[in-house]
**Student:** 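The structure under discussion is supplied below as structure tokens; questions concerning it will follow.
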Amino acid sequence: MQRECYVKPFRDTWIKTLKSDKILQISDGSIGGLHLRYSPLTDKISFYLGCHIRNSNKRRNILLGRYGEMNLQEIKDLALEYRKQISHGLDPMFEKEEERRKQEKETAKRIKVDTLFPQYMEKYAKLHKKLSTYKSNNDQYRLYLAPKFADKYITDIEDKHILDAYSDWAQKTSFSTANKALSLMSSFWEWCMTYDYVPKGYNPCHYVKKGKNPKIHIQVLDEKGYKQFFKALDAGPTDSDHHPRFFDAIRIMALTGGRSQEIRHLLLSETDMANKVLHLHDSKTGPRDIKLSDAAFHELEQVIRKNRKLGSKYVFPGIQDPSKPICDIRKALLWTLDKAKLKHMRIHDLRHSFLSMGANMGENIMALKDAAGHSRVSTTEGYLHLTTDSTYKAVNNIATKIYNK
């Protein structure tokens with residue numbers, strides 16, 4: 001196809017009616033390097049700026065735009081801007097690419113938290129957190145972070161928004177719950193820094209002063225208390241409105257010292273009844289074993305036999321939905337304590353009671369550490385609450401040994 005080149009000052013009057021059976025390259029003449037190209041195949045007119053970049057051997061024809069998408073004045077203004085950049089030693093294409101990247105970054109930052117958080121969970125939490133923590137983080141987001149931040153753009157969140165959210169969490173729940181929600185928000189923010197969704201070097205969560213819950217007075221069962229407790233548990237299925245499965249779960253917690261979630265979420269596949277042990281796939285400290293006493297083994301064996309007909313993978317299937325684990329057992333525990341005429345205690349206090357009973361009986365602390373699944377002895381020591389009788393027995397034994405008259 002033939003090509004024709006010539007100079008003609010650009011005017012809308014002739015450009016908009018331009019037609020030819022040849023490829024045309026027409027220069028404006030008034031702005032150096034500015035020219036248009038016409039293709040008879042597409043019937044399109046494109047504008048270019050021919051230029052030589054300083055400190056470079058390259059000569060470029062930079063596409064300015066197409067006629068119809070930009071008007072003639074916009075084309076000329078852009079050509080003059082590019083020539084100005086070139087005169088200062090800049091590369092217009094490089095500057096254009098930098099501007100494009102900058103705009104992309106700014107657009108990327110205008111993303112709402114509800115869009116970013118699932119990415120954080122998928123790209124970070126799923127890889128670096130335990131399964132139980134991952135599930136807990138999802139619940140924390142749904143209950144606490146989402147109501148405050150889901151509809152906000154991440155770049156619009158300021159210190160005051162974090163402070164107000166923390167204050168509201170603490171007032172409506174507790175400092176410990178608020179601190180966990182704040183910790184999740186802080187981890188999410190750090191991840192956003194890594195991906196340039198927020199500026200690096202500043203995390204507003206770090207400037208929130210965390211509160212502390214009032215010290216909890218731990219209630220520990222002694223031998224007499226245990227007798228009253230188990231007697232009330234036996235009466236629960238017939239004397240209360242609570243499902244018998246709640247009392248079964250509480251009994252296994254009391255007999256093993258296991259954490260509430262470890263027992264409630266216990267899978268049939270984790271039970272090794274032949275060796276009297278529970279192989280937990282996940283716990284607060286990672287995978288661990290719970291050794292079963294004869295009493296715990298006997299009770300658990302009956303529970304498994306009783307619930308197997310439900311076809312659930314859990315030892316303690318949910319009351320409404322057996323495909324899920326049993327949920328809140330606190331009301332059944334409160335009923336048991338009232339029935340036994342014992343002081344109210346937390347579910348976790350059953351774990352304290354189990355380990356304290358072992359300590360008062362003189363059991364080896366390393367064995368108690370292993371039974372509890374603690375990674376450090378110091379953690380186990382925090383669970384041991386010796387009775388006055390044990391203390392008197394200890395001081396008398398020492399005195400008799402050193403002062404025998």
Side-chain angles (χ1 to χ4, degrees), residues 113 117 120-121 125 129-150 152 157-190 203-221 242 246 249-250 253-254 257-265 282-285 325-338 342-356 372-374 378-385:
V113 170
F117 193 82
Y120 158 80
M121 293 299 291
K129 297 188 179 185
K130 293 189 306 174
L131 179 60
S132 57
T133 306
Y134 174 83
K135 291 177 179 177
S136 176
N137 284 172
N138 269 322
D139 290 338
Q140 288 170 335
Y141 177 74
R142 176 175 54 83
L143 294 171
Y144 307 114
L145 272 63
K148 299 293 182 185
F149 303 112
K152 285 187 180 296
I157 296 175
E158 302 175 10
D159 297 23
K160 61 182 180 181
H161 299 133
I162 303 287
L163 287 166
D164 288 347
Y166 180 81
S167 176
D168 192 54
W169 295 333
Q171 289 177 30
K172 290 182 178 178
T173 57
S174 64
F175 278 123
S176 60
T177 300
N179 291 343
K180 288 175 183 176
L182 181 67
S183 177
L184 176 59
M185 186 66 185
S186 179
S187 175
F188 170 58
W189 196 277
E190 294 287 340
N203 186 337
C205 300
H206 291 172
Y207 299 91
V208 177
K209 186 176 180 181
K210 296 180 180 179
K212 290 184 178 180
N213 289 338
K215 190 171 181 180
I216 296 171
H217 180 63
I218 297 167
Q219 296 291 341
V220 176
L221 296 173
H242 302 292
F246 288 120
I250 293 170
M253 288 178 200
R259 299 179 180 92
S260 173
Q261 183 162 316
E262 291 174 347
I263 302 304
R264 289 187 296 104
H265 290 236
D282 188 31
S283 73
K284 187 177 180 180
T285 52
I326 198 169
C327 53
D328 193 358
I329 61 174
R330 286 175 293 183
K331 290 181 180 179
L333 175 66
L334 290 176
W335 182 93
T336 304
L337 294 170
D338 288 338
L342 295 169
K343 290 182 179 179
H344 281 199
M345 60 194 299
R346 303 169 305 153
I347 295 171
H348 199 67
D349 287 346
L350 291 176
R351 184 167 164 82
H352 281 266
S353 297
F354 184 83
L355 297 175
S356 294
H374 290 150
S378 58
T379 306
T380 308
E381 289 172 340
Y383 278 73
L384 307 184
H385 312 278

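These numbers come from the heavy atoms of this one structure, side chains and all, not from hydrogens, waters or symmetry mates.
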**Student:** According to ring-ring contact (aromatic ring centres under 6.0 Å, His included), who are the partners of H206, at least two apart in sequence or on a separate chain?
**Tutor:** none

**Student:** Check ring-ring contact (aromatic ring centres under 6.0 Å, His included) between Y141 and all other residues, then give those that pass, not counting sequence neighbours.
**Tutor:**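 So Y141 forms a ring-ring contact (aromatic ring centres under 6.0 Å, His included) with F117.
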
**Student:** What residue pairs, at least two apart or across chains, pass salt bridge (Lys or Arg N to Asp or Glu O under 4.0 Å) with a residue in residues 169-178?
**Tutor:** D168-K172

**Student:** For D282, give me all partners under salt bridge (Lys or Arg N to Asp or Glu O under 4.0 Å), at least two apart in sequence or on another chain.
**Tutor:** none

**Student:** Using the test salt bridge (Lys or Arg N to Asp or Glu O under 4.0 Å), find all partners of K209 that sit at least two apart in sequence or belong to another chain.
**Tutor:** none

**Student:** Do W169 and N179 have side chains that approach each other closer than 4.5 Å (heavy atoms only, starting at C-beta)?
**Tutor:**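 Sidechains of N179 and W169: no contact.
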
**Student:** Can you list the residues that meet the salt bridge (Lys or Arg N to Asp or Glu O under 4.0 Å) rule with R259, with sequence neighbours excluded?
**Tutor:**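 For R259, the residues satisfying salt bridge (Lys or Arg N to Asp or Glu O under 4.0 Å) (neighbours in sequence not counted) are E262.
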
**Student:** State which residues pass side chain to side chain contact (heavy atoms under 4.5 Å, CB included) with R142; sequence neighbours excluded, sorted by chain then number.
**Tutor:**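 In terms of side chain to side chain contact (heavy atoms under 4.5 Å, CB included), with neighbours along the sequence ignored, R142 is linked to D139.
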
**Student:** If the condition is ring-ring contact (aromatic ring centres under 6.0 Å, His included), which residues does H265 pass it with, not counting sequence neighbours?
**Tutor:**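 ring-ring contact (aromatic ring centres under 6.0 Å, His included) check on H265 returns nothing, list empty.
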
**Student:** Roughly how far, to the nearest 0.5 Å, is CZ of F175 from NZ of K210?
**Tutor:** 12.5 Å

**Student:** I want to check something: taking the side chain as every heavy atom from C-beta on, are I329 and I347 in contact at a cut-off of under 4.5 Å?
**Tutor:** yes

**Student:** Can you see whether S186 engages S183 through a side-chain donor-acceptor pair at a distance of less than 3.5 angstrom?
**Tutor:**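 Distance-only check fails for S186 and S183.
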
**Student:** If you measure from OH on Y120 to OG on S187, what distance do you get to the nearest 0.5 Å?
**Tutor:** 2.5 Å

**Student:** Going by the rule side chain to side chain contact (heavy atoms under 4.5 Å, CB included), which residues pair with A332 if we only count those two or more places apart in sequence or in a different chain?
**Tutor:** H242, F246, F247, I250

**Student:** Over all heavy atoms of both residues, which pair between M345 and L337 is shortest? Give the atoms and the distance, please.
**Tutor:** N-CD1, 3.4 Å

**Student:** Quick one: side chain to side chain contact (heavy atoms under 4.5 Å, CB included) partners of S167, sequence neighbours excluded?
**Tutor:**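 S167 satisfies side chain to side chain contact (heavy atoms under 4.5 Å, CB included) with Q171 only.
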
**Student:** With sequence neighbours left out, what residues match K180 under salt bridge (Lys or Arg N to Asp or Glu O under 4.0 Å)?
**Tutor:** none

**Student:** Can you sort out the partners of T379 under side chain to side chain contact (heavy atoms under 4.5 Å, CB included), two or more places apart, ordered by chain and number?
**Tutor:** H374, R376, Y383

